[in-house]
There are 2 protein chains.
Amino acid sequence: MTTAPRDTKREILDTAEAMLQERGFNAFSYQHIAERLGVKNAAVHYHFRSKADLGVAVIERYRRRFHRWAERLNSEGPHDPWGRLEAYFQIYFAFLHSGNRICPSGVLQAEFESIPEEMREASRVLLEDLLGWLTVLLADGRERGAFHFLGEPADQAMILGSTLQGGLQIARACGPERFEAAVEQLRRQLKA
Amino acid sequence: MTTAPRDTKREILDTAEAMLQERGFNAFSYQHIAERLGVKNAAVHYHFRSKADLGVAVIERYRRRFHRWAERLNSEGPHDPWGRLEAYFQIYFAFLHSGNRICPSGVLQAEFESIPEEMREASRVLLEDLLGWLTVLLADGRERGAFHFLGEPADQAMILGSTLQGGLQIARACGPERFEAAVEQLRRQLKA
DNA sequence: GTCTATAACGTGATAGAC
DNA sequence: GTCTATCACGTTATAGAC
């Protein structure tokens, strides 16, 4: 029985992703990552030439993971709109309970003007995917009589997306209960 | 006729506030402020010993300004709930049209784990004031039959606050129309 | 693939002249 | 109140040995 070989590249991505969600892109360095993994910062540069490259890789991986999550939901998950919406909420509750992490898309937008252009482009694409998924869910759920709301699905998706993203941020300053209350309020709105 | 004497301290606060909302706290330096004002970085340190002091001063000033805004709204502004809510929306539209600035409270929460503790405390207080004001407005507006929503006013305030905060951030990545659409959707919800 | 060593620069901050 | 000069340190990034 052999020990699994160490996958440094993957560990760097995991660490960078966690630090991005915990502290922001401008508040962690190659040193921080190297120290946490017990390697030297040159090793990190070997896997990701520049910090911008690392940032883009983190965003793209997150986006691919979201697509896999969505595909799995299609094949194995609940098919009713409410079950699917709750599954989406669950992503954010998991962040909340993993050390007050916030939405990666949100932190990148907050720092939008001070991150490399390549990362801005990558986070634009990620955001469109997230809002697009919500829009389709809302449109479909209303057609099937599960959700109730006025206006366009894309606009209601903005309310949901903004509330989840903003709510996680607000929870840092005034506690997780406020996020839970916000999500409960979203549920109430869609039931009415 | 004499020229107004230069108020460097105030100009530093203005510049720091703008840079906070545009780039985030971790993405501007004393050098940046000094260069923009045409002074040396030692001059900035003369007015604010540390960057944490400067950060706290920016937050506190913003909070005082919000209170003056609220008092003026009580004395001179519209007294009907809808007029008051639109006045609040206007604060965020002004940010949107001043170079994609985002809510100061939001950017501080996004960087919460990487800013000095004194700033965290100050931004907690600011957030409570903002959400508190919205909560009172919603409670009052519903009593008077102007707003319609289910659940507690504090929970609906989370939806409004999160959507405005998150919406400004999202607008950076996908355009100002999306923020306007989100606000319009908020209006629709409260009218129903 | 990881290391040591180092470059080139930006950072927050201070001392002391004017 | 602003300046010059400087400090100690952290940052991204690279060259070359192992």
Side-chain angles (χ1 to χ4, degrees), chain A residues 2-20 22-59 61 107-108 111 113-120 122, chain B residues 2-20 22-59 107-108 111-120 122:
Chain A
T2 56
T3 313
R6 186 167 185 183
D7 186 347
T8 305
K9 187 162 186 171
R10 189 201 165 102
E11 287 176 21
I12 292 169
L13 285 168
D14 290 340
T15 307
E17 183 176 293
M19 288 181 167
L20 174 72
E22 285 161 13
R23 307 174 44 82
F25 186 73
N26 294 316
F28 73 86
S29 69
Y30 272 44
Q31 305 279 9
H32 290 127
I33 294 173
E35 274 163 32
R36 189 181 283 194
L37 297 185
V39 297
K40 297 298 170 183
N41 93 55
V44 183
H45 275 285
Y46 169 80
H47 294 282
F48 300 94
R49 197 139 306 195
S50 75
K51 202 185 169 190
D53 290 339
L54 173 56
V56 170
V58 167
I59 300 169
R61 186 181 70 151
V107 73
L108 292 164
E111 293 181 300
E113 309 296 329
S114 56
I115 59 176
E117 168 58 27
E118 315 99 273
M119 287 180 63
R120 272 178 247 173
Chain B
T2 55
T3 314
R6 187 166 186 184
D7 186 347
T8 305
K9 187 162 187 171
R10 189 199 165 104
E11 286 175 22
I12 292 169
L13 285 168
D14 290 341
T15 307
E17 183 176 293
M19 287 181 167
L20 174 71
E22 284 161 14
R23 306 173 46 81
F25 187 74
N26 294 315
F28 73 85
S29 70
Y30 272 45
Q31 306 278 9
H32 291 127
I33 294 174
E35 275 164 31
R36 188 181 284 195
L37 298 185
V39 297
K40 297 298 169 181
N41 94 55
V44 183
H45 275 285
Y46 169 80
H47 293 283
F48 300 95
R49 197 139 305 200
S50 75
K51 201 184 171 190
D53 291 339
L54 173 56
V56 170
V58 167
I59 301 169
V107 73
L108 291 164
E111 294 182 301
F112 206 72
E113 309 295 329
S114 57
I115 61 175
E117 168 58 25
E118 316 98 273
M119 287 179 63
R120 272 178 247 172

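Convention: sequence-line order gives letters A, B, ...; per-chain numbering from 1.
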Trainee: Return the minimal non-hydrogen interatomic distance between B:F25 and B:G55, and the atom names on each side.
Mentor: CE1-CA, 4.0 Å

Trainee: Output yes when at least one side-chain N/O atom of B:T8 is less than 4.0 Å from OP1 or OP2 of D:dG1, else no.
Mentor: no

Trainee: Checking B:S114 now: which residues fulfil side-chain hydrogen bond (donor to acceptor under 3.5 Å, both in side chains) with it, not counting sequence neighbours?
Mentor: B:N26

Trainee: Nearest whole Å is fine: how far is C:dG1 C1' from A:D7 CG?
Mentor: 12 Å

Trainee: Would you list the atom pairs, donor with acceptor, under 3.5 Å between side chains in residues 41-50 of chain B and any protein atom, with sequence neighbours excluded?
Mentor:
residue: B:H45; atom: ND1; partner: B:R49; partner atom: O; Å: 3.0
residue: B:S50; atom: OG; partner: B:A52; partner atom: N; Å: 3.4
residue: B:S50; atom: OG; partner: B:D53; partner atom: N; Å: 3.1
residue: B:S50; atom: OG; partner: B:D53; partner atom: OD2; Å: 3.4

Trainee: Would you tell me if any nitrogen or oxygen in the side chain of A:H32 comes within less than 4.0 Å of OP1 or OP2 on D:dG10?
Mentor: no

Trainee: Verify the contact: side-chain N or O of A:S29 to OP1 or OP2 of D:dT11, cut-off strictly under 4.0 Å; return yes or no.
Mentor: yes

Trainee: List in chain and number order the residues that pass salt bridge (Lys or Arg N to Asp or Glu O under 4.0 Å) with A:R23, two or more places apart in sequence or in another chain; answer none if no residue qualifies.
Mentor: none

Trainee: Heavy-atom distance under 4.5 Å between the side chains of B:K51 and B:I33, does that happen here?
Mentor: no

Trainee: Report the distance from atom CE of A:M19 to atom C1' of D:dT11, rounded to the nearest whole Å.
Mentor: 15 Å

Trainee: Contact list please: residues 11-18 of chain B against DNA chain C, heavy atoms, distance less than 4.0 Å, in numerical order.
Mentor: none

Trainee: For B:Q31, check side-chain hydrogen bond (donor to acceptor under 3.5 Å, both in side chains) against everything at least two apart and list the hits.
Mentor: none

Trainee: Considering only D:dC3, C:dT2, D:dT2, which nucleotide approaches the side chain of A:A43 most closely?
Mentor: C:dT2

Trainee: Using atom CD1 of B:I33 as one end and atom P of C:dG10 as the other, report the distance to the nearest whole Å.
Mentor: 17 Å

Trainee: Any side-chain N or O of B:Y46 under 4.0 Å from OP1/OP2 of D:dT2?
Mentor: no

Trainee: Listed by chain and number, what are the side-chain hydrogen bond (donor to acceptor under 3.5 Å, both in side chains) partners of B:E17, not counting sequence neighbours?
Mentor: B:R61, B:R65

Trainee: Applying salt bridge (Lys or Arg N to Asp or Glu O under 4.0 Å), name anything that partners B:E35, two or more places apart in sequence or on another chain.
Mentor: none

Trainee: If the condition is side chain to side chain contact (heavy atoms under 4.5 Å, CB included), which residues does B:E22 pass it with, not counting sequence neighbours?
Mentor: B:A18, B:R36, B:R101

Trainee: One character per nucleotide, please: for nucleotides 13-18 of chain C, 5' to 3', B when the base has a protein heavy atom closer than 4.0 Å, S when only the sugar-phosphate does, - otherwise.
Mentor: BB----

